[in-house]
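Numbers here simply count residues along the sequence, with the first being 1.
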Amino acid sequence: MEHAEFNKDLLKFLNASPTPWHAVATMKQQLDAAGFEALDEKEDWSLEPGHGYYVVRNGSSIVAFRTGVQDATASGIRMVGAHTDSPCLKVKPNPELRRKGFFQLGVEVYGGVLMNPWFDRDLSLAGRVTFLDGSNRVNDTLIDFHKPIAFIPSLAIHLDREANTGRTVNPQTDLPPVLMQVAEGDTTSFDDLIKLQAARQSGAKVHKVLGYELGFYDAQEAGFVGLRDEFIASARLDNLLSCYIGLQALLNTSGDEAALLVCNDHEEVGSVSSEGAQGPFLISVLDRWCGAGKAKAIARSMMISADNAHGVHPNYMDKHDENHGPILNQGPVIKVNHNQRYATNSRSAAVYRHISDELGLPHQTFVVRSDMACGSTIGPLTAASLGVTTLDIGVPQFGMHSIRELIGTEDGFTLYRVLAEFMQREKVF
């Protein structure tokens with residue numbers, strides 16, 4: 001895959017993936033096109049050497065892998081991990097608000113949202129709807145309105161003279177989006193709107209909406225930014241970028257070595273779920289793949305946890321350690337924290353640096369300031385549950401957890417090239 005093609009397809013992936021369910025559906029399409037076989041956790045598996053497989057849990061997490069030409073117990077598994085979820089505003093179960101003729105929806109803040117950028121943006125809505133069909137069966141469908149349907153207007157500065165100096169956001173009262181105006185006595189319900197959208201997009205008869213998991217998202221599509229197009233601006237770069245990079249690496253390896261990609265949901269809220277990194281999903285897949293030899297396979301394996309890093313902001317340079325300020329477009333960032341908020345150790349970092357140096361590609365290192373708290377990733381969770389040597393790495397970005405984020409056009413492709421080589425390397429250790 002060439003650089004220009006990589007970034008062009010990245011934009012398509014980001015635009016097609018407004019929710020974790022859509023992201024997984026998009027990845028499934030690419031895996032199917034590449035000849036990977038879908039596995040069902042409810043059925044027996046019969047895995048063959050040299051083949052590709054994938055399994056989905058909850059529609060929002062996926063594990064895809066190549067078995068390699070020799071037993072994974074002897075060769076180890078080259079693993080890459082990422083997460084499918086991003087901070088957003090999710091619709092509450094009973095969301096309807098009618099005030100002064102405006103139809104609004106109550107929202108719950110999902111993850112560590114940077115709330116101020118959500119004001120005055122064109123918003124759309126997408127997610128999963130569970131419904132009763134015409135045959136009295138429970139079904140799921142994905143919906144996406146694909147156009148701006150909502151807006152969270154700011155309060156004018158004339159009515160809030162402290163807006164630029166002391167503004168805070170109350171998520172309960174300040175964030176309900178406006179969807180439309182309704183006349184007095186109008187009985188239109190949110191369930192009616194969702195029922196109609198679900199029927200249109202599924203082609204099924206929707207008898208009754210039984211539940212939904214829906215989130216608002218920025219309707220502005222991903223695109224290139226900068227006088228020289230050296231940046232990409234988009235929603236959900238954290239962490240759909242890493243999902244895309246890991247998927248392309250897996251699809252473009254030789255297939256000779258055992259390799260795996262796991263993309264978990266719920267990282268932004270702690271990963272404690274059946275499909276999250278603290279759940280049993282990956283362990284279950286490895287148990288069924290490796291059987292009694294799993295422990296030996298893990299001892300020969302390595303996990304690269306890919307999750308974006310904080311690039312040094314030119315307006316806030318003092319927020320970084322003076323020797324560890326990653327620059328956009330100067331390489332992926334090896335993330336180090338000796339308190340184990342990142343799982344990187346000298347061995348795992350050495351593997352990445354060695355491959356990167358062999359390919360003549362740049363890399364950087366990040367350590368949080370000693371007087372600031374450090375975030376975390378699925379890396380330490382996976383390392384602790386599997387006992388696998390793990391590296392935390394990521395593409396540097398601006399605006400993490402904002403409704404719109406920014407990366408350099410070079411770094412994603414650089415990380416892809418190293419991960420593709422890692423996934424087909426004959427021996428990791």
Side-chain angles (χ1 to χ4, degrees), residues 10-23 26 85-92 95-129 142-157 159-160 163 167 169-182 188 190 192-194 196-198 200-201 212-226 229 231-238 240-241 268 397-407:
L10 169 61
L11 299 186
K12 293 179 181 177
F13 178 78
L14 292 166
N15 293 331
S17 308
T19 74
W21 296 277
H22 289 83
T26 305
D85 62 321
S86 301
C88 66
L89 304 181
K90 296 209 172 187
V91 180
K92 291 182 176 180
E96 293 178 24
L97 301 169
R98 285 177 165 82
R99 299 183 290 201
K100 294 296 182 180
F102 294 101
F103 186 95
Q104 298 174 269
L105 296 179
V107 291
E108 180 180 5
V109 173
Y110 176 86
V113 174
L114 194 60
M115 289 187 284
N116 278 304
W118 281 79
F119 289 87
D120 307 325
R121 304 287 305 188
D122 296 347
L123 304 178
S124 192
L125 187 66
R128 180 172 68 176
V129 175
L142 300 186
I143 68 166
D144 183 357
F145 281 85
H146 291 294
K147 68 174 186 176
I149 65 165
F151 200 82
I152 307 173
S154 292
L155 182 63
I157 194 167
L159 305 176
D160 181 9
R167 182 184 185 185
V169 178
N170 184 317
Q172 175 68 22
T173 60
D174 295 345
L175 292 182
V178 175
L179 273 72
M180 59 181 174
Q181 288 183 290
V182 289
T188 302
F190 183 59
D192 291 336
L193 301 175
I194 296 305
L196 180 61
Q197 192 71 16
R200 285 174 178 169
Q201 295 195 232
Y212 53 76
E213 296 175 78
L214 302 173
F216 286 100
Y217 69 92
D218 185 3
Q220 184 178 359
E221 292 190 339
F224 294 102
V225 175
D229 286 343
F231 309 115
I232 291 173
S234 175
R236 302 174 301 280
L237 286 169
D238 175 21
L240 291 187
L241 172 62
E268 297 292 0
Q397 72 162 91
F398 291 155
M400 188 176 291
H401 289 196
S402 177
I403 193 171
R404 196 160 178 85
E405 301 167 324
L406 192 77
I407 60 168

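- Separation of atoms CG (L105) and CD1 (I149) is listed at 8.0 Å; rounding is to 0.5 Å.
- Remark: the backbone N or O of W21 is not paired with any side-chain donor or acceptor of R128 at under 3.5 angstrom.
- Between the side chain of T19 and the backbone N or O of H22 there is at least one donor-acceptor pair closer than 3.5 Å.
- Between the OH atom in Y212 and the CD1 atom in I194 there is a gap of 7.5 Å [rounded to 0.5 Å].
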For this session: Given side chain to side chain contact (heavy atoms under 4.5 Å, CB included), test F151 with L123 step by step and report yes or no.
Result: CA-CA 6 Å; F151 200 82; L123 304 178; over 6 Å; no
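- Nearest heavy-atom pair across R236 and L14 is NH2-O, 2.9 Å.
- Between the side chain of E405 and the backbone N or O of D238, at least one donor-acceptor pair lies under 3.5 Å.
- Taking OG1 of T188 as the start and CZ of F103 as the end, the distance is 7.5 Å to the nearest 0.5 Å.
- Taking all atoms of both residues into account, the shortest heavy-atom contact from V109 to G111 is CG1-O, 3.5 Å.
- Between A150 and L179, the shortest heavy-atom distance links the atoms CB-CD1, 3.9 Å.
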For this session: Take L214 and F190 through the test side chain to side chain contact (heavy atoms under 4.5 Å, CB included) and record every step on the way to the result.
Result: CA-CA 12 Å; L214 302 173; F190 183 59; 3.8 Å; yes
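- With sequence neighbours left out, N116 forms a side-chain contact (heavy atoms from CB on, under 4.5 Å) with F119, R167, V169.
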Problem set entry | Candidate pair I232 and L406, rule side chain to side chain contact (heavy atoms under 4.5 Å, CB included), full reasoning | CA-CA 6 Å; I232 291 173; L406 192 77; over 6 Å; no
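- Here F398 contributes atom CZ and F231 contributes atom CZ; the two are 6.5 Å apart, rounded to the nearest 0.5 Å.
- Interatomic distance, D160 CG to L155 CG, rounded to the nearest 0.5 Å: 5.5 Å.
- With contacts defined as side-chain heavy-atom distances shorter than 4.5 Å, the pair D144/S124 qualifies.
- When every heavy atom of A16 is checked against every heavy atom of T26, the shortest pair comes out as O-OG1, 3.6 Å.
- A search for side-chain contact (heavy atoms from CB on, under 4.5 Å) contacts involving Q220 returns R121, D218, R404, not counting sequence neighbours.
- The two atoms that bring Y217 and L125 nearest to each other are CE2-N, 3.7 Å, heavy atoms only.
- D120 and S154 make their closest contact through OD2-OG, 2.6 Å (heavy atoms, listed as atom of the first residue, atom of the second, distance).
- For Y110, there are no ring-ring contact (aromatic ring centres under 6.0 Å, His included) partners at least two apart in sequence or on another chain.
- Among residues two or more places apart in sequence or in another chain, the side-chain contact (heavy atoms from CB on, under 4.5 Å) test is passed with V178 by F102, Q104, P153.
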For this session: Take L241 and F13 through the side chain to side chain contact (heavy atoms under 4.5 Å, CB included) test and state the conclusion after the steps.
Result: CA-CA 9 Å; L241 172 62; F13 178 78; over 6 Å; no
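- How far CD of E108 is from SG of C88: 9.5 Å, rounded to the nearest 0.5 Å.
- Annotation: ring-ring contact (aromatic ring centres under 6.0 Å, His included) contacts of F145 (sequence neighbours excluded): none.
- Side-chain N or O atoms of D85 include one that pairs as donor or acceptor with a backbone N or O of E268 at under 3.5 Å.
- Side-chain atoms of N15 come within 3.5 Å of backbone atoms of L11 as a donor-acceptor pair (strictly under, hydrogens ignored).
- For E221, there are no side chain to side chain donor-acceptor pair (under 3.5 Å) partners at least two apart in sequence or on another chain.
- A side chain to side chain contact (heavy atoms under 4.5 Å, CB included) with F216 holds for exactly one of I403, V107, I152; it is V107.
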